[in-house]
Number of protein chains: 2
Amino acid sequence: MNIGEASAETGVTAKSIRYYESIDLIPPAERSESGYRQYSARDIQTLHFIKRSRGLGFSVAEVAELLSLYRDRKRASGEVKGIVETHLDEIDQKITELESIRTTLRNLADRCHGDDRPDCPILDDLAGALD
Amino acid sequence: MNIGEASAETGVTAKSIRYYESIDLIPPAERSESGYRQYSARDIQTLHFIKRSRGLGFSVAEVAELLSLYRDRKRASGEVKGIVETHLDEIDQKITELESIRTTLRNLADRCHGDDRPDCPILDDLAGALD
DNA sequence: ATAAGGGTTCTAGTTACTGGAAGGTCAAGG
DNA sequence: CCTTGACCTTCCAGTAACTAGAACCCTTAT
């Protein structure tokens with residue numbers, strides 16, 4: 001199976017697959033005689049793992065850790081859970097921040113006429129007017 | 001007022017101020033005889049505006065637009081509001097995505113013992129086990 | 001005179017890819 | 001047999017918004 005098929009199979013672009021190889025997230029693929037990368041069922045599995053992990057917001061570095069734990073039959077599940085809990089904390093923080101921003105902007109936008117007139121509470125706020 | 005003071009005053013690092021100048025977000029600062037950048041009260045105001053806008057999650061490109069509207073006395077407030085509403089939509093999307101991820105990860109983490117044993121529902125999920 | 005603590009420019013690194021150029025390979029059709 | 005189109009290869013550059021660091025200049029106080 002060459003890279004295009006692997007890509008179609010997993011939803012990871014060929015560009016990304018090559019990139020992952022270049023940064024050693026995945027081992028160098030086998031090559032056909034003509035130099036085409038060849039992917040086994042196991043490689044596809046790994047790409048699925050990566051795709052799913054990235055989709056859950058893990059950084060590539062975290063995915064590398066998760067993959068290494070995945071491959072280690074003697075891993076401690078606590079390590080995996082630790083990574084996830086840390087990530088969850090970051091997500092919570094991010095959500096909190098975004099919600100706070102949303103509230104602020106919602107208020108500002110609601111107070112702005114949004115028409116042809118120049119008067120604008122949003123700009124007043126950004127400029128530091130204390131309302 | 002030179003760059004260090006301007007930075008302390010506004011909370012924008014000197015590095016960032018120079019960077020903003022380099023990308024033309026702010027005009028080139030005046031210079032002292034020895035070549036030091038000099039900032040006026042109006043420059044400080046602008047830096048405050050940028051700081052606040054970036055803090056609300058606007059991209060530098062959006063800040064450039066907002067700044068240009070801010071400086072235009074004949075702006076239409078609708079344009080400003082448009083930018084904000086677009087940004088709000090993106091924020092809502094982001095929050096939704098993060099909440100979905102959070103739910104998934106919370107479930108997985110709760111089902112993982114998180115001890116020395118290798119058994120791990122998180123890895124099972126990432127590997128594509130259909131549970 | 002010198003030392004500390006400013007300031008200057010320039011290059012390179014960060015994250016996770018994506019786009020594009022230049023060129024080799026493979027299978028099908030004329 | 002040759003060509004065409006869809007693959008594949010490598011390598012370089014660009015993206016966002018800075019940050020780190022090197023090498024060097026300026027100012028002020030001791």
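A, B, ... follow the sequence lines: proteins, then strands. Residue 1 opens every chain.
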Assess, by modelled atom type and distance only, whether the side chains of [X] and [Y] contain a donor and an acceptor separated by less than 3.5 Å.
X	Y	value
B:Ser100	B:Thr103	no
B:Tyr70	B:Glu65	no
A:Ser40	A:Asp43	yes

Between [X] (side chain) and [Y] (backbone), is there a donor-acceptor pair under 3.5 Å?
X	Y	answer
B:Thr10	B:Leu47	no
B:Lys74	A:Pro118	no
B:Arg102	B:Arg106	no

If I take atom [atom1] in residue [X] and atom [atom2] in nucleotide [N], what distance separates them, rounded to the nearest angstrom?
X	N	atom1	atom2	answer
A:Arg37	D:dT9	CZ	P	5 Å
A:Gln38	D:dC7	CD	P	15 Å
A:Tyr19	D:dG14	OH	P	18 Å
B:Leu56	D:dA17	CG	P	15 Å
B:Ile26	D:dA17	CD1	P	15 Å
A:Lys15	D:dT10	NZ	C1'	10 Å
B:Phe58	D:dA16	CZ	C1'	17 Å
B:Arg18	D:dG21	CZ	C1'	13 Å

Practice problem: Heavy atoms of chain B, cut-off under 4.0 Å: which first and last nucleotide of DNA chain C, 5' to 3', fall inside that, if you could look? | Solution: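 Going 5' to 3' along DNA chain C, contacts run C:dG6 to C:dT9.
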Practice problem: Compute the bend angle of the helix from C:dA1-D:dT30 to C:dG30-D:dC1 from the end axes (five pairs per end), rounded to 10°. | Solution: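 Axis angle across the helix from C:dA1-D:dT30 to C:dG30-D:dC1, nearest 10°: 30°.
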Quiz item: So what does A:Ile3 hit on the nucleic acid, given a heavy-atom distance under 4.0 Å: a base, only sugar-phosphate, or nothing?
Solution: sugar-phosphate
Self-check item: Sugar-phosphate, base or nothing in reach of A:Ser32, heavy atoms under 4.0 Å
Solution: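 Answer is nothing: A:Ser32 stays at 4.0 Å or more from every strand.
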Quiz item: What do the steps show when you test B:Asp115 against A:Ser77 for side-chain hydrogen bond (donor to acceptor under 3.5 Å, both in side chains), and what is the final call?
Solution: CA-CA 6 Å; B:Asp115 54 19; A:Ser77 60; 3.3 Å; yes
Self-check item: Any B:Ser59 side-chain N or O less than 4.0 Å from OP1/OP2 of D:dA16
Solution: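 Answer is no, no contact under 4.0 Å.
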